[in-house]
Amino acid sequence: MKHVAVKFAFYRLTQTASIVCFILAAVSSLSSVSRAADAVETCPGLYEKLAKFTRKALRRPTPSSVSLKADVPLVGWFDLERLKHHHDVFEGVTDSGQKFIFRTDAARAKLEVSIYRFARAAGFNVPVTTYAEINGVSGSAQEMIIGQKLAADFTRENNWIELPWHKPDPATRVFDSILAMNDRNTSNYFITDDRRQILIDHEQAFFWNRRNNILRDGNDQILEIETVRAFIALDPVRAQNLADIANQANFLHALRDLSDQQRATFRERIKLYRRMYRRALETP
């Protein structure tokens, strides 16, 4: 208990130092917009340095989950590095060496965990994502994909020539449409050597301007029946399971942490998919 109390005191010290840093920097830069902007970047950096110092000073971590596991919160004290151009997204590593992405925005964390649960229930490929309590801060932790290439990496290697199979495949397009996804850019999915797609970054699911009477994918393209037919050809079992109304209760349970409005949106959109699925089977 004494060890935990000391560590908690160190953690509060880092928080206080960060707040003081921001206040002093903001006051000293009232006459300069650029210096104020620098202050915003400097203070989180100070917080990270103090947090790392705290961890080294208290080498023994709090009791934590050894690795990322489905529906098991990741709890502990880990080194974190803030991702460039993000104030609430960090890269971390567990004591067992497993790397993860940590998001501290509560709404986004809830979406990431819920979308992972749905993906697992429906058979889509999304890295393990769970709630987390890291260094005293709540959020979500997602397994970092190692050794695979983003779709953007292929386009760079080919001088930005977009190759057909580097685009979101029919399964990904259906996935995005049902979840009212926005922003499925080439940095938001990996492509494996056998051309499977691993989907990440779902903080813009249930995008506010998505209408429920039409299906659009994450690139704002209308989902045509030809795409559903291609999905059936690509993976008939997954396409059928997604269209089976008997599985809807499982899907809604996976999305249980979302708002009533988001779950209602899902029900309407998957209903549209079921109609398209039946039409795809009826027509050649």
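Note that the structure is predicted; figures quoted are calculated from it, not measured. What you see below is based on every heavy atom in this structure, not just the backbone, and it leaves out hydrogens, waters and symmetry mates.
- Although no hydrogens or angles enter the test, the distance criterion places a donor-acceptor pair under 3.5 Å between the side chain of Thr130 and the main chain of Val72.
- Smallest separation of non-hydrogen atoms from Ala109 and Tyr131: O-CE2, 4.2 Å.
- From Thr94, atom OG1 reaches atom CG of Leu74 across 7.0 Å, with rounding to the nearest 0.5 Å.
- Judged by distance alone, the side chain of Asp176 and the main-chain N or O of Arg173 form no donor-acceptor pair under 3.5 Å.
- Cluster annotation: Ile178 and Ile232 are assigned to the same hydrophobic cluster (Ile/Leu/Val/Met/Phe/Trp/Tyr, side-chain heavy-atom contacts under 4.5 Å, transitive).
- Within a 6.0 Å radius of CD in Glu226, other residues, nucleotides and ligands contribute more than 12 heavy atoms.
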Would Phe231 and Asp169 count as a side chain to side chain contact (heavy atoms under 4.5 Å, CB included) if you check the C-alpha gap in whole Å, the side-chain angles of each, and the deciding distance to 0.1 Å? CA-CA 8 Å; Phe231 177 36; Asp169 64 23; over 6 Å; no
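- For the pair Arg238 and Phe124, the cation-pi criterion (under 6.0 Å, within 45° of the ring axis) is fulfilled.
- A donor-acceptor pair under 3.5 Å is absent between the side-chain atoms of Asn219 and the main chain of Gln221, judged by distance alone.
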Working note: Arg117 + Arg256, criterion side chain to side chain contact (heavy atoms under 4.5 Å, CB included); need CA distance, chi angles, decisive distance, verdict. CA-CA 10 Å; Arg117 289 171 174 171; Arg256 59 189 177 274; 3.3 Å; yes
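- Although no hydrogens or angles enter the test, the distance criterion places a donor-acceptor pair under 3.5 Å between the side chain of Arg184 and the main chain of Asn188.
- Remark: Tyr277 OH to Ile225 CD1 distance equals 12.0 Å, nearest 0.5 Å.
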Determine, stepwise, if the pair Leu199 / Gln197 fulfils side chain to side chain contact (heavy atoms under 4.5 Å, CB included). CA-CA 6 Å; Leu199 312 179; Gln197 297 190 353; 4.3 Å; yes
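- The number of heavy atoms from other shown groups lying within 6.0 Å of CG (Asp193) does not exceed 12.
- The only member of Gln142, Glu112, Glu143 that meets side chain to side chain contact (heavy atoms under 4.5 Å, CB included) when paired with Ile200 is Gln142.
- Here the CE-CG distance, from Met276 to Leu223, works out to 4.5 Å after rounding to the nearest 0.5 Å.
- The number of heavy atoms from other shown groups lying within 6.0 Å of CZ (Arg211) does not exceed 12.
- Partners of Lys99 by side chain to side chain contact (heavy atoms under 4.5 Å, CB included), not counting sequence neighbours, listed by chain and number: Glu91, Val93, Met144, Ile146.
- Put simply, Leu272 and Val174 are part of the same group of oily side chains (I, L, V, M, F, W, Y) that touch within less than 4.5 Å, one to the next.
- Scanning both residues, Ile191 and Ala151, for their nearest heavy atoms gives CD1-CB, 4.0 Å.
- Atom CG of Asn212 and atom OG1 of Thr265 lie 4.5 Å apart (nearest 0.5 Å).
- Between Asp71 and Arg120, at least one side-chain N (NZ, or NE/NH1/NH2) sits under 4.0 Å from a carboxylate O, which counts as a salt bridge.
- Distance alone, capped at 3.5 Å, is enough to place a donor-acceptor pair between the Arg269 side chain and the Ser177 backbone.
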I would like to know whether Leu255 and Gln262 meet side chain to side chain contact (heavy atoms under 4.5 Å, CB included); could you show each step before the answer? CA-CA 9 Å; Leu255 302 173; Gln262 288 170 324; over 6 Å; no
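- Hydrophobic clustering (side-chain heavy atoms under 4.5 Å, transitive across Ile, Leu, Val, Met, Phe, Trp, Tyr) groups Leu111 together with Leu68.
- The list of ring-ring contact (aromatic ring centres under 6.0 Å, His included) pairs with a residue in residues 233-268, not counting sequence neighbours, reads Phe118-Phe251, Phe118-Phe266.
- Linking Ile, Leu, Val, Met, Phe, Trp and Tyr residues whenever their side-chain heavy atoms come within less than 4.5 Å places Val137 and Phe90 in a single cluster.
- Minimum heavy-atom separation, Ala233 to Pro236: O-CD, 4.2 Å.
- Here the CG-CG distance, from Leu83 to Asp88, works out to 9.5 Å after rounding to the nearest 0.5 Å.
- Under the 6.0 Å cut-off for aromatic ring centres, Phe78 and Phe100 qualify, their centroids lying closer than that.
- Ionic pairing of Arg103 and Asp105 is not present here: no N-O contact between side-chain nitrogen and carboxylate oxygen is shorter than 4.0 angstrom.
- Linking Ile, Leu, Val, Met, Phe, Trp and Tyr residues whenever their side-chain heavy atoms come within less than 4.5 Å places Phe206 and Met181 in a single cluster.
- Scanning all heavy atoms of the two residues, the minimum distance from Ala132 to Phe102 falls at CB-CE1, 4.0 Å.
- In plain terms, the two heavy atoms of Phe154 and Lys149 that are nearest each other are CE1-CB, 3.7 Å.
- Taking CG of Asn185 as the reference point, atom CG of Asn182 lies at 10.0 Å (rounded to 0.5 Å).
- For the pair Asp257 and Ser114, the tightest heavy-atom approach, listed with the atom from each and the gap, is CB-OG, 3.9 Å.
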